[in-house]
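Worksheet: one structure, shown below.
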Amino acid sequence: MTLRVYNTLSGKKEEFKPLSPPKVGMYACGVTVYDYCHIGHARAAVAFDVIARYLRFAGYDVTYVRNYTDIDDKIINRSNEQGVHWKELAETFIEAHDTDMGALGVQRADVEPRATDYMAQIIAIVKVLVDKGFAYEVDGDVYFEVEKFHGYGKLSKRNLDDLQAGARVDVDERKVNPLDFALWKSSKPGEPEWDSPWGKGRPGWHIECSAMSAEILGQPLDIHGGGKDLIFPHHENEIAQSEAAGGGEFVRYWIHNGFVNIDSEKMSKSLGNFFTIREVLEKYRPEVVRFFLLSTHYRSPLDFSDKALTEATARYERFMNLFARVHRMGTEDRDLDEIEIKSKNFLSQEIEPHFREAMDDDFNTAAAIGHLFTALGPLNGVLDSADSDGRGVAKGWKEAVDSFFLEIGQVLGFFDGGFAVGEAWFSAGTGDDESKIKAQAMAEERVEARNNKDWAKADELRDAIAELGYTVQDTPQGPVLIAKKD
RNA sequence: GGCGCCAUCGCCAAGUGGUAAGGCAGAGGCCUGCAAAGCCUUUAUCCCCGGUUCGAAUCCGGGUGGCGCCUCCA
């Protein structure tokens, strides 16, 4: 099975062939840290998290780099508004970013560089571009001259004429071409600044990624990614800078994720139609949010709504229910019976290959998760059978199922903690306060009532338990309390 | 205006040439004292019109509708 990846540059799915396998150098554009991250940022982070996880699962030795843009006009503006030092503002939101992404199960990148820690490399590459004649200095600003770089527009599939025709930018008379972009910006009094051959100033936005990726991973990168909105101008400009300065190919595979939409419109700061990760996590559990984000292929648009999250919850709970059932099911030290063998083989011979096939096809998590659902029937069937026979499942079966989900979970970033998470899932939320203890006592009492076939009392107790916020499930293993959804 | 993407069951969503995964919701059945959870069964010919092909949701052309980028943006 070969991994195929959609490359924005070619517009096609291509077989993935890293430059020096098994090593893979991967760089994803992170966020500009001047505010809390929204769900759109979460989607990008989760998408590249899964890509890195799957590449590792497939045997690659991945070095994943994701930067923080910690110096930028927006940071400066925000720090002025709030009267907070820009550096402090940036560090605050880097921390918030790490917390929020961590909640969503996003693993840390191997290297997480800050732009301001690579000032020497940034200045060096700008200098190379000036020396080679690709850039020019005006009044302390340095611009990249797009017309000097043949191939400008190859990623976004536009040429300079197209771009100029549609240009909505205010024309800066000092630029040779209106599309020339800043590599270095001179600082105004009071602004953060670094010394450079062109005077005090700060880097333009695009150059940091060229500098940091080359410094950390070298050139070319195997994979470079980010949101679709970065294709132009950000990534187009990165190509121009890096290929002009370094001489060779900058990136082998460009990967871009689709947007999170609200009512079919892009979620964005400027439209104001965004939800921060924090806001969403007040209402929905992080696993559900992650599951939701992976339920659609990473390149497709994804509509965010309460309805969609509610459905994602129901979907995710199918797995949690299975886990909870397996968790409370006793095991027997015996050979697997017929249906246990059948379901075990189904996992290894059908689901697992289909899962890999889906992931190999441009990281198709939506299809991969779809295949996972087909495992539910046979697996629950084994549990049904064990329940009706009043016995446990074979130890070997439970272990096989456990290792299957452990493996899948490593790739998708779910199911950490094994079957116990199912049990924990349904009892979470209400804590271990006295209402839970009371509910448990009533559940015990209810067992008595049911043994005595006192249905009236049993139902009365169930209502009382419901008052405390729990639904009681009668299982062969005894009553189970489920925290009620409101 | 330029460039690009998308349109599959009530809803969500896979599927890039060979006769439509999966989920949610709904319906019926089983299990259950009743429930809950679970199991089984059940629902599409793929926006419209042409074309290519033995054969197209999948390729080409046109249309309609939606979205994105061209300015900061995951």
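Order of the sequence lines sets the chain letters (A, B, ...), proteins ahead of strands, with each chain counted from 1. Just so it is clear, the model here is predicted, and its values are computed rather than measured.
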| query | With a centroid cutoff of 5.5 Å and a plane-angle limit of 30°, would you call A:F373 stacked on B:G22? | reply | no

| task | Indicate yes or no: does A:D459 engage A:R446 in a salt bridge with an N to O separation below 4.0 Å. | result | no

| query | In terms of side-chain heavy atoms of A:R318, which of B:G23, B:A37, B:A74 is nearest? | reply | B:G23

| task | Using the C1' atoms only, state how far B:A20 lies from B:U58, rounded to an integer number of Å. | result | 11 Å

| said: My understanding is that only residues two or more places apart in sequence, or in another chain, count here; which of them pass salt bridge (Lys or Arg N to Asp or Glu O under 4.0 Å) with A:R278? | reply: A:D100

| With sequence neighbours left out, which residue pairs that include part of residues 256-277 of chain A fulfil the salt bridge (Lys or Arg N to Asp or Glu O under 4.0 Å) condition? | A:D35-A:K269, A:D229-A:K266

| message | Using a distance-only criterion (donor-acceptor N/O pair, under 3.5 Å, no hydrogens), is the base of B:G2 paired with the side chain of A:D161? | response | no

Which atoms of nucleotides 12-16 of chain B (N or O only) lie under 3.5 Å from a protein N or O atom, and what are those distances?
unit_1, atom_1, unit_2, atom_2, d
B:A14, OP1, A:H297, N, 2.8
B:A14, O3', A:N364, ND2, 2.7
B:G15, OP1, A:N364, ND2, 2.5

| Sugar-phosphate only, base, or nothing, as touched by A:V472 at under 4.0 Å among non-hydrogen atoms | base

| request: Can you tell me, in whole Å, how much space there is between the P of B:U19 and that of B:C34? | output: 45 Å

| said: Mind checking if A:G227 touches a base, just sugar-phosphate, or nothing, with heavy atoms under 4.0 Å? | reply: sugar-phosphate

| message | The criterion is salt bridge (Lys or Arg N to Asp or Glu O under 4.0 Å); which residues satisfy it with A:E467, sequence neighbours excluded? | response | none

| task | Select base, sugar-phosphate, or nothing to describe what A:S264 touches, counting heavy atoms under 4.0 Å on all strands. | result | sugar-phosphate

| request: Would you indicate, yes or no, if B:C69 has its OP1 or OP2 atom less than 4.0 angstrom from a side-chain nitrogen or oxygen of A:K266? | output: yes

| field | Under 3.5 Å side-chain donor-acceptor pair for A:D306 and A:Y284 | value | yes

| request: Go through the N and O atoms of the side chain of A:R325 and the base of B:A37, and report whether any donor-acceptor pair is under 3.5 Å. | output: no

| So which nucleotide from B:C39, B:A74, B:G33 ends up closest to the side chain of A:L376? | B:C39

| Nearest to the side chain of A:D162, which nucleotide is it out of B:G68, B:G38, B:C3? | B:C3

| request: Keeping the roles fixed (side chain from A:D389, backbone from A:R391), state whether a donor-acceptor pair exists under 3.5 Å. | output: no

| Any donor-acceptor N/O pair under 3.5 Å between B:C34 base and A:D474 side chain | yes

| Rounding to the closest angstrom, what is the interatomic distance between B:C24 and B:G38 at atom P? | 8 Å

| field | Heavy-atom donor-acceptor pair, A:R158 side-chain to B:G1 base, under 3.5 Å | value | no

| Counting side-chain heavy atoms from C-beta on, which of B:A36, B:G33, B:A74 comes nearest to A:D459? | B:G33

| query | Of the nucleotides B:G38, B:G68, B:C24, which one has an atom closest to the side chain of A:N321? | reply | B:G38

| query | Base, sugar-phosphate, or nothing: which does A:G226 touch, judged by heavy atoms less than 4.0 Å apart? | reply | sugar-phosphate

| Sugar-phosphate, base or nothing in reach of A:G225, heavy atoms under 4.0 Å | nothing

| field | Whole-angstrom distance between B:U45 and B:C40, as gauged at atom C1' | value | 26 Å

| side-chain hydrogen bond (donor to acceptor under 3.5 Å, both in side chains) partners of A:S213, counting only residues at least two apart | none

| field | Distance, P atom - from B:G4 to B:U43, rounded to whole angstrom | value | 42 Å

| task | Taking salt bridge (Lys or Arg N to Asp or Glu O under 4.0 Å) as the test, write out the residues that go with A:D72, two or more places apart. | result | none

